[in-house]
Amino acid sequence: YNFFKRYLKKFGLIKSVDTFFYFLFEKFFRKKTVEEGLKKYLPLKGPADQFPQGSYSFKVTNMNSDQSAEIIKSLDPDLAVVMGTRLLKTKIFNIPRYGTINVHCGILPKYRGQDSTFWALYHKDLQNIGATLHYIDEGIDTGNIIERCYVQFEPGDNDLSLYYKNLHNCVETLIKA
């Protein structure tokens with residue numbers, strides 16, 4: 001309850017209700033399609049296998065916790081890459097020497113925040129479906145853009161299939177960069 005009150009105060013009623021219903025939709029209706037999408041668009045053998053030796057991945061309960069900061073500091077990273085995380089505090093995204101990159105599944109600056117692919121589809125803005133690699137700053141998806149990765153809308157696509165296509169393209173672009 002306190003989390004929702006803080007979220008409501010920070011983002012307003014419309015954004016809070018949108019996020020709440022999207023969460024319910026994802027939790028109760030999408031589990032099977034998410035698993036299928038991961039297998040189809042992000043198979044275990046693929047771009048992720050090409051990350052350099054010495055790359056690390058950690059799962060934590062709160063990216064902004066002191067524990068997370070200590071883990072990141074102990075690695076002394078040059079660069080960090082995140083995707084699908086909550087807003088990071090400055091104390092976290094400024095730890096890596098060269099900053100932190102976000103893989104955002106939406107074309108910035110037009111589609112900031114959550115549900116970016118859905119909103120592009122809703123507005124029939126099919127030429128602006130894609131993802132963006134950008135540095136994280138204090139704003140919401142406002143950091144310097146590294147590259148935009150566009151995907152082609154095909155018959156039968158929906159926001160979930162496009163999300164995975166976006167993610168796959170961004171991972172390939174990130175590895176090439």
Side-chain angles (χ1 to χ4, degrees), residues 1-38 40-42 48 57-65 68 80-94 99-153 157-174:
Y1 178 73
N2 287 333
F3 171 78
F4 187 73
K5 280 175 53 176
R6 284 193 314 271
Y7 199 90
L8 182 64
K9 183 177 178 182
K10 186 171 185 175
F11 296 107
L13 180 64
I14 293 173
K15 180 68 174 171
S16 298
V17 170
D18 171 58
T19 301
F20 175 73
F21 281 108
Y22 189 77
F23 169 78
L24 289 177
F25 177 73
E26 289 288 321
K27 183 163 182 73
F28 295 110
F29 297 104
R30 281 253 174 105
K31 184 174 182 178
K32 186 176 180 186
T33 54
V34 167
E35 290 169 359
E36 290 169 356
L38 285 171
K40 182 175 181 181
Y41 296 106
L42 295 172
S57 174
F58 293 94
K59 287 188 178 185
V60 293
T61 56
N62 182 345
M63 282 294 301
N64 289 311
S65 69
S68 295
V81 180
V82 298
M83 187 245 151
T85 185
R86 63 178 34 182
L87 296 177
L88 296 179
K89 292 184 179 178
T90 306
K91 74 175 188 178
I92 299 295
F93 68 75
N94 275 343
T100 301
I101 293 174
N102 182 33
V103 178
H104 174 74
C105 285
I107 297 297
L108 295 177
K110 189 167 187 174
Y111 293 105
R112 290 188 171 118
Q114 295 178 324
D115 313 330
S116 301
T117 303
F118 167 81
W119 288 113
L121 288 171
Y122 176 82
H123 293 291
K124 296 179 177 55
D125 191 5
L126 302 182
Q127 59 274 14
N128 278 309
I129 294 176
T132 307
L133 298 172
H134 70 95
Y135 285 99
I136 294 179
D137 64 10
E138 284 86 9
I140 299 174
D141 299 325
T142 58
N144 291 336
I145 293 172
I146 300 166
E147 188 159 346
R148 292 178 185 94
C149 312
Y150 294 88
V151 296
Q152 186 69 35
F153 180 84
D157 274 338
N158 58 35
D159 63 322
L160 189 60
S161 65
L162 291 167
Y163 172 83
Y164 288 113
K165 286 180 183 182
N166 288 335
L167 184 55
H168 182 83
N169 285 349
C170 268
V171 169
E172 286 184 339
T173 301
L174 185 62

Item to check | Results of side chain to side chain contact (heavy atoms under 4.5 Å, CB included) for N94 - residues two or more places apart only | outcome: T90
Checklist entry - Can you find a side-chain donor-acceptor pair between Y122 and D115 that sits under 3.5 Å? => result no
Next on the checklist: So F93 and E138, do their side chains get closer than 4.5 Å, heavy atoms only?
Outcome noted: yes
Next on the checklist: Can you tell me how far apart CH2 (W119) and CD1 (I129) are? Round to the nearest 0.5 Å.
Outcome noted: 14.0 Å
Checklist outcome for this item: Taking every heavy atom of C105 against every heavy atom of M83, the minimum-distance pair comes out as SG-CE, 4.3 Å
Next on the checklist: Any non-hydrogen side-chain atom of Y150 less than 4.5 Å from a side-chain atom of N128?
Outcome noted: yes
Item to check | Partner set under side-chain hydrogen bond (donor to acceptor under 3.5 Å, both in side chains) for T100, not counting sequence neighbours | outcome: none
Item to check | Min side-chain heavy-atom separation K110-D125 under 4.5 Å | outcome: yes
Checklist entry - Quick one: CD on Q114 to CD1 on I140, what's the gap to the nearest 0.5 Å? => result 9.5 Å
Checklist entry - With sequence neighbours excluded, what pairs up with N169 under the side chain to side chain contact (heavy atoms under 4.5 Å, CB included) test? => result C149, V151, E172
Checklist entry - So how far is it from N102 CG to I146 CD1, rounded to the nearest 0.5 Å? => result 9.5 Å
Item to check | Greater than 12 external heavy atoms within 6.0 Å of Q152's CD | outcome: no
Checklist outcome for this item: In terms of heavy-atom contacts, D141 and H134 come closest through OD1-NE2, 3.4 Å
Checklist entry - So, does S116 use its side chain to make a donor-acceptor pair with the main chain of Y111 at under 3.5 Å? => result yes
Checklist entry - For the residue pair G130 and N166, what are the closest heavy atoms and their distance? => result CA-OD1, 3.0 Å
Item to check | Heavy-atom side-chain contact between N64 and L88 under 4.5 Å | outcome: yes
Checklist entry - Tell me, do V103 and V82 make a side-chain contact under 4.5 Å, heavy atoms counted? => result no
Checklist entry - Nearest heavy-atom pair of T132 and R148: which atoms, and what distance? => result OG1-CG, 3.9 Å
Item to check | N62 side chain reached by R86 side chain, heavy atoms, under 4.5 Å | outcome: yes
